[in-house]
Amino acid sequence: MSQPADRPFFTVADIRRTFLDFFAQRGHTVVPSSPLIPANDPTLMFTNSGMVQFKDVFLGTDKRPYVRAASVQACLRAGGKHNDLENVGYTARHHTFFEMLGNWSFGDYFKRESLKWSWELLTEVFRLPPERLWATVYHEDDESYDIWTQEIGLPPERVVRIGDNKGGKYQSDNFWMMADTGPCGPCSEIFYDHGPEVAGGPPGSAEADGDRYIEIWNNVFMQFDMQPDGSVRPLPAPCVDTGMGLERIAAILQGVHSNYEIDLFRALIAAAARETGATDLTSPSLRVIADHIRATAFLVADGVIPSNEGRGYVQRRIIRRAIRHGYKLGRKAPFFHRLVPDLVAQMGEAYPNLAAQQQRIMDVLRAEEERFYETLEHGMAILDAALAGGQEVLEGEVAFKLHDTYGFPLDLTQDVCRERGVAVDLEGFEAAMQRQKEQARAAGKFRMERVLDYAGPDNRFVGYEHLRAEAKVVALYHEGTPVAELKAGQRGIVVLDETPFYAESGGQVGDRGVLESGSMRFEVHDTQKIKAGVHGHHGVVAQGVIAVGDHVTAQVDGPRRAATMRHHSATHLLHKALREVLGEHVQQKGSLVDDERTRFDFSHPAPLTAQQLRAIEARVNAQILANSATQARVMPLEQAKALGAMMLFGEKYGETVRVLDIGSSRELCGGTHVARTGDIGLFKIVAESGVAAGIRRVEAVAGERALAYLQQLEDQVAAAAAALKAPAPELVARIEQVQQRMRELEKAVEALKGKLAGAQADELAAQAVAVGDARVLAARLDGADAKVLREAVDRLKTKLGRAVVVLASLEGGKVQLCAGVTPDLVAQGVKAGELVGALAARVGGKGGGKPDLAMAGGSDVAALPAALEGVAGWVQARLGLAQTA
């Protein structure tokens, strides 16, 4: 396949720009790519399609100031349901990170405009030959079929009807569903024919899995609401959701068959070759590295740091896979991070956040590389221990543990085993891998609660000004179903025409309170948005009956709201102080504000020092003492940006926003706040901790809660002073005296334990057995800590002469191991670190150390006797001696 001479060459950057310009000219609002971490959506691990940031709009729980949108969305599919990681680099179109071009209609245009614009862009702007394009439609979607064949003019033989090919009604490749229930509808996919020189048949045929016909664009028409019984109802406002893979369309427009041959990848592959010294630019390993630098760099930019769980674990797997492929190419030192400037040169203009964090991304990747090269060495030690018994086959579970827990690649395990004439149980490895994938898939499953069936007008929120309002009941729900009334004892949701109750949003919890009318009393336990602009009052009827049409008095719990407002306002001052003390890199990563405290998560690479915490507290309390007035203004988003208002990265904002000025802080916020900073009262940080790699959490209290906290501390100090029989001002000195006395007693105890262990060790020497001309002792020395074990091993080595000594201690249900080898045996290849590693693997632990002395731990107490019995055999094998009967 080659680029036709009469068609202009479109770079990846050209395609992004052309696509957005095309739809902007047709009334679409161009929306920036959202982060790879979906905002306020625990159902997804990563943003895996362009529609993710609009999901709440489709569900009716969010509104936008526009009804047409277009974007180029950064996506990641490397965990959960969408996981192509093992195929990346070895096929033409698999990626971890990719970009999705998309346009949307929220109850505005529908099938006709969507399909015609798709055709116009592809054939008139991108100038693809019309005879190369095919389309598919759901077999019952006559409307789309007629648009393609009668209005656009695509020959009927190139418009394929796709039936229910997955078993059951609406179970089709051409019928899209957001979840088991809810918005759904038919879709129409556009395919490009690469020509007869490529194997494969048209869509819908038995040969459709070939590479000749490639899907490039999918137009999804959400026009139904799937019911629990499998039937569908028409949606009142049908929507359009389209997606076109940027890499795929770039390959077609640039006249190449593989995505890895487009201009962006050619540049990244060349950079990977430069850093690894590879000369074969078609190497799958270079493709892996080029793909993975995009995924890992964007993840770091969006706050994901390598770790051993969740998103950080996926990030670590991708980084280590790239490093391993560099290792495979002969690169034995960190190189991966040096590709970041090349990536920024290619994508930084389209994604400014990537360019702004270039150095930080490099630092994170470099640290992970350095850590992984240490892991490679550690993995080799574990593998050596696992192979020490002379077995002919390495268990699949062991190979998988090396791969999954220690990041030691399977192919490297196979290479080592092959050199030693040992096979790897691949079936066992694959079985363990499949279990892991199924667990990941279950954890990453897209779940969705059914939306309440409410089609009425928005309610009017009066809670900024009032805590009490007269309102009319406009809807009631019991167990998710609309009802005419709720009786005493029944739980339900009440919707009012106007409400003073704040619905949970922006980290602030929903209000509590009561709805009353005559003898009826409905206790509101929580307030949540059931859709954009509609507050649902969740609670229980305490007495009487509440019915649709009733007029009620809505009363918010005033003291709880006041305490919550103090904490929310303090959170804004805290955010400002954190950035002033720690630096501008601080970004909010989550918050929870209620009447008890504020909890604030933010990006920062290290624990906060006591001095930093005090500086932050001082800044917040200074703002409180200034007692400046709070100001909230509603203005256009662009005006708010011009005023320098803090905007949370990844948060969704409309064209009109609420700007809150409190003290020196200026942020976008829809929450409720104090009138003056002095209303917050005292501010006190009560906890600082890490919640994930690179994410810290500060918890704080304000007002009456701060006073109660300090009074509690005062009571504790008084109790401690009484227990130590010292006045409070002398408490520290008294504690130091007690600690000094404890240290003296501990030394005395240690000395006695050492003497006792020494006596026991002398007795154990008699248990040593001969292995060739060496002495081997493997025994238990219970009650000994690490220091005593080391001293006993050294004592026994001296006593036994040419010897290998292993002592084990049991304490608190844990195994502690210490191995020692005399220098003459170390010279013959008997190393304590390898020995203790082999023993640790048998007792469910890990460890290592120097050739002459090494420590390890484990948790499998029951396996200890057998492990100790095997020491003599291990030494025999290392010395190349024949096994004795």
Side-chain angles (χ1 to χ4, degrees), residues 300-307 312 356-357 359-364 366-367 507 566-594 596-628 644-650 660-667 669 674 677-678 680-703 705-714 716-717 731-732 735:
V300 174
D302 287 347
V304 180
I305 306 299
S307 67
Q357 299 196 60
Q359 189 56 53
R360 177 172 173 269
I361 295 168
M362 294 182 70
D363 292 342
V364 170
R366 183 193 300 109
R566 283 193 288 270
H567 285 127
H568 198 167
S569 297
T571 303
H572 283 244
L573 300 181
L574 170 62
H575 190 188
K576 177 74 171 179
L578 284 166
R579 291 174 64 87
E580 290 174 344
V581 173
L582 302 179
E584 294 298 309
H585 66 278
V586 168
Q587 292 182 1
Q588 180 175 339
K589 294 298 181 181
S591 67
L592 176 62
V593 178
D594 58 20
E596 295 288 337
R597 65 181 57 200
T598 175
R599 190 184 74 198
F600 189 80
D601 296 346
F602 58 96
S603 56
H604 187 64
L608 275 63
T609 65
Q611 292 81 0
Q612 289 172 330
L613 290 172
R614 288 182 177 178
I616 292 164
E617 281 184 343
R619 287 174 181 269
V620 173
N621 283 299
Q623 297 273 0
I624 293 171
L625 288 172
N627 199 28
S628 56
M646 175 70 68
M647 300 181 188
L648 303 186
F649 182 65
L660 180 78
D661 288 327
I662 178 167
S664 61
S665 168
R666 174 172 289 167
E667 292 190 31
C669 183
V674 298
T677 59
I680 298 172
L682 178 64
F683 172 84
K684 183 76 180 104
I685 294 175
V686 299
E688 189 275 340
S689 61
V691 294
I695 306 295
R696 307 301 299 177
R697 170 174 292 172
V698 165
E699 297 181 56
V701 289
R705 299 294 184 190
L707 177 61
Y709 173 77
L710 293 177
Q711 289 174 334
Q712 182 183 25
L713 287 182
E714 190 176 54
Q716 292 172 345
V717 169
L731 190 55
V732 174
I735 290 173

query = So do Asp601 and Arg697 actually touch side chain to side chain, heavy atoms under 4.5 Å?
reply = yes
ask   = Cys669 and Leu660: which non-hydrogen atoms are nearest, and at how many Å?
value = CB-CB, 4.4 Å
request  = Taking Ser569 for its side chain and Val674 for its backbone only, find out whether a donor-acceptor pair lies under 3.5 Å.
outcome  = yes
ask   = Roughly how far, to the nearest 0.5 Å, is the CZ atom of Phe602 from the CZ atom of Arg579?
value = 12.0 Å
query = Relative to each other, are the rings of His604 and His585 parallel, tilted or perpendicular (30° and 60° limits)?
reply = parallel
key: Close side-chain approach of Val364 and Pro306, heavy atoms under 4.5 Å   = yes
Where Ala570 and Ala702 come nearest, the two heavy atoms and their spacing = CB-CB, 4.4 Å
key: Within 6.0 angstrom of Glu580 CD, more than 12 heavy atoms from elsewhere   = yes
message = Using a strict threshold of under 4.0 Å (side-chain N to carboxylate O), is an ion pair present between Glu699 and Arg599?
response = no
ask   = Less than 4.5 Å apart, any side-chain heavy atom of Leu573 and any of Ile680?
value = yes
note = To the nearest 0.5 Å, atom OG1 of Thr677 lies from atom CZ of Phe683 at 13.0 Å
ask   = For the side-chain contact (heavy atoms from CB on, under 4.5 Å) test, which of Ile662, Asp594, Val593 pairs with His568?
value = Val593
query = Is any side-chain heavy atom of Gln612 less than 4.5 Å from a side-chain heavy atom of Leu582?
reply = yes
message = Please report the interatomic distance CD(Gln712) to CD(Gln716), rounded to the nearest 0.5 Å.
response = 5.0 Å
query = Hey, does Leu707 have a side-chain heavy atom less than 4.5 Å from the side chain of Leu682?
reply = no
key: Between CG on residue Leu608 and CD1 on residue Ile616, distance to nearest 0.5 Å   = 5.0 Å
inquiry  = Would you compute the distance between atom CE of Met646 and atom NZ of Lys576 and round it to the nearest 0.5 angstrom?
reply    = 7.0 Å
query = With a 4.5 Å limit on heavy-atom distance, are the side chains of Ser665 and Gln623 in contact?
reply = no
task = Flag the pair Asp363 and Arg366 as a salt bridge only when some basic side-chain nitrogen lies within less than 4.0 angstrom of an acidic carboxylate oxygen.
result = yes
query = Which heavy atom of Arg597 sits nearest a heavy atom of Ala700, and at what distance?
reply = CB-O, 3.2 Å
remark   = Rounded to the nearest 0.5 angstrom, the CD-CZ distance for Glu617 and Arg614 is 8.5 Å
query = With side chains defined as the heavy atoms from C-beta onward, is the minimum distance between Arg360 and Pro605 less than 4.5 Å?
reply = no
4.5 Å side-chain heavy-atom contact, Val701 and His567 = yes
